[in-house]
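Only one structure is covered here, and it is reproduced in the block below.
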Protein chains: 2
Amino acid sequence: MEFGGSRDRRRAATVAEIKSAARRLLVSGGTAAVGLRAVARELGLTPPALYRYFPSHEALIGALIADLYDELTAALMDLQTTDDEDVDLGARLYLLANGLRDWGLTHPAEFALLFGTAVPSPDAADHEETPGHQAAMRFGSVFKELVAQIWHWKPFPYPPDEVLGSELVAQLTQESEHFGGMPAGAIYLSLTYWTRLYGLICMEIFGQLHWVLPDAAAYFEAQLYEIGQALGLDCPAPE
Amino acid sequence: MEFGGSRDRRRAATVAEIKSAARRLLVSGGTAAVGLRAVARELGLTPPALYRYFPSHEALIGALIADLYDELTAALMDLQTTDDEDVDLGARLYLLANGLRDWGLTHPAEFALLFGTAVPSPDAADHEETPGHQAAMRFGSVFKELVAQIWHWKPFPYPPDEVLGSELVAQLTQESEHFGGMPAGAIYLSLTYWTRLYGLICMEIFGQLHWVLPDAAAYFEAQLYEIGQALGLDCPAPE
DNA sequence: ACCGTAGAGTGAACACCGTTAACAGTTAAC
DNA sequence: GTTAACTGTTAACGGTGTTCACTCTACGGT
């Protein structure tokens, strides 16, 4: 019943070393390079030894994914707080969007592991309890909560229920409690912001914009301005 | 120097059977299930036999990808022509967008192979000459050409160069010849349409919208209306 | 202080994978 | 009719994730 047992501490350290080695391989060789045997090789261990720490290769990858999500989440939250305390909320969202893009550009391998895998997962009852999924939810909350803050700070005009259609309004209203009680139209705009931002960053980082734009930075900037406007923000505002 | 040699015909048939088996495995078991040995097993052959038809497993996958792109391209072009000959061009774009989504929803495994892989490909000089890449270009042209047609048919209002910024305008202008001589602002709107459509469909099919919308059909419809408006179209127009 | 036991690590093995080489049978071409 | 090309085989290599039986070390309880 010892909590600070030196045995446990050693074990935690080894787990950290394993994930560290896995990430090293991920960065240097991409998703395919982070194999169980390769990780073991990196640590000077035999492959079966890793099974003392992770029940399977998939579990190891899952733990790595969860760590990366948490790191990304922390980085984005830092970005919001380290800046001036009472900075404009719209500017915060601008920082968040750019922060996500920057993280992806500077960590393409990690980004691909988090957002590129994209399993169709056709199984219906997939109440994903995996740590990776939970970390992804925490990551999503960062954006969701900021948008809700913005709404309560300076409510933006939103499309009336008539143009969205009753079906969509019903679905969006159902999610109202997760968005701080925002009306359907406002949730729709928030979702649009996220959808556009996410799609844009994925396309840029995964090189699906290369055929028309060798460098998508300027395009991203313009799009960011556009989607910010839809939320009543005029970032990057100045001058 | 025989063209209709029965040997060649037999060979072509075998190639077709191989790709057919590969696709069967893809549909039933996802991307990971279409292995070289599995394909051989499906045909009652030994694995090395496949090397008479494809130089590697990757080449087989590449050929499958090219076929799927061509199939998708053909399906989308059919969708435009089988309908009323002189149908409104805006409605054509609407059909195309919905056609792409429908194809993805009815062929999730194939869609994942085409659009989900998303290799970062950090190598600079990747003038991809692979058949898959060429087929992807042909696929992209379907959309690109229709948008150019729409522009010449009923030019839509576009943002002036000032709001886009000189950097972006320069990049877009460079691509003007590929867009039928459209001005930068119009290319920007076209690119926005594609970016939003592509991102939206990918997110829905890859299940990254499930956490807020269990069924994204209504949301897609609303978004489609919105992005069509940006191009001066009022689809789905009626009543 | 001792012993028992849980944990960490190993080596051998299994089943799978993509790929290569050397070989045999069939079939088309000159 | 002979030769050469084509199609397919078997055997093998190195790689993967994973399991099992085993050793050894070091902590915990008495």
Of A:Arg41 and B:Thr46, the one whose closest DNA chain D nucleotide lies more 5':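 Taking each residue's closest nucleotide, the earlier one in sequence belongs to B:Thr46.
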Of B:Gly44 and A:His57, the one whose closest DNA chain D nucleotide lies more 5':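 Result: B:Gly44.
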Over all strands shown, is [X] touching base, sugar-phosphate only, or nothing at heavy-atom distances under 4.0 angstrom?
{"X": "B:Arg10", "answer": "nothing"}
{"X": "B:Ser56", "answer": "sugar-phosphate"}
{"X": "A:Tyr53", "answer": "sugar-phosphate"}

In whole angstroms, how far is the [atom2] atom of [N] from the [atom1] atom of [X]?
{"X": "B:Phe54", "N": "C:dG18", "atom1": "CZ", "atom2": "P", "result": "14 Å"}
{"X": "B:Tyr51", "N": "C:dT19", "atom1": "OH", "atom2": "C1'", "result": "4 Å"}
{"X": "B:Leu45", "N": "D:dT10", "atom1": "CG", "atom2": "P", "result": "11 Å"}
{"X": "B:Leu50", "N": "C:dG18", "atom1": "CG", "atom2": "P", "result": "10 Å"}
{"X": "A:Leu60", "N": "D:dG17", "atom1": "CG", "atom2": "P", "result": "10 Å"}
{"X": "A:Leu36", "N": "C:dA15", "atom1": "CG", "atom2": "P", "result": "19 Å"}
{"X": "B:Arg37", "N": "C:dT20", "atom1": "CZ", "atom2": "C1'", "result": "12 Å"}
{"X": "A:Leu25", "N": "D:dG17", "atom1": "CG", "atom2": "C1'", "result": "16 Å"}

B:Phe139-B:Phe115 aromatic ring centre distance below 6.0 Å: yes
Pair B:Arg37-B:Glu42, salt bridge (Lys or Arg N to Asp or Glu O under 4.0 Å): steps then yes or no: CA-CA 9 Å; B:Arg37 290 181 114 103; B:Glu42 196 81 359; over 6 Å; no
Distance test, side-chain N/O of B:Arg11 to OP1/OP2 of D:dT7, below 4.0 Å: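 For B:Arg11, the contact criterion (side-chain N or O under 4.0 Å from OP1 or OP2 of D:dT7) is met.
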Within 45° cone of A:Phe220 ring axis and under 6.0 Å: A:Arg101 NZ or CZ: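 The answer is yes; both the distance and angle limits are met.
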Would you indicate which nucleotide in [options] comes nearest to any side-chain atom of [X]?
{"X": "A:Arg52", "options": "C:dT10, C:dG9, C:dT20", "result": "C:dG9"}
{"X": "A:Ala49", "options": "C:dG18, D:dC27, C:dG9", "result": "C:dG9"}
{"X": "B:Pro48", "options": "D:dT9, D:dG17, C:dA8", "result": "D:dT9"}

Aromatic ring pairing A:Tyr198/A:Trp194, orientation class (parallel under 30°, perpendicular over 60°, tilted between): tilted
Residues A:Tyr188 and A:Gln171: side-chain donor-acceptor under 3.5 angstrom: no
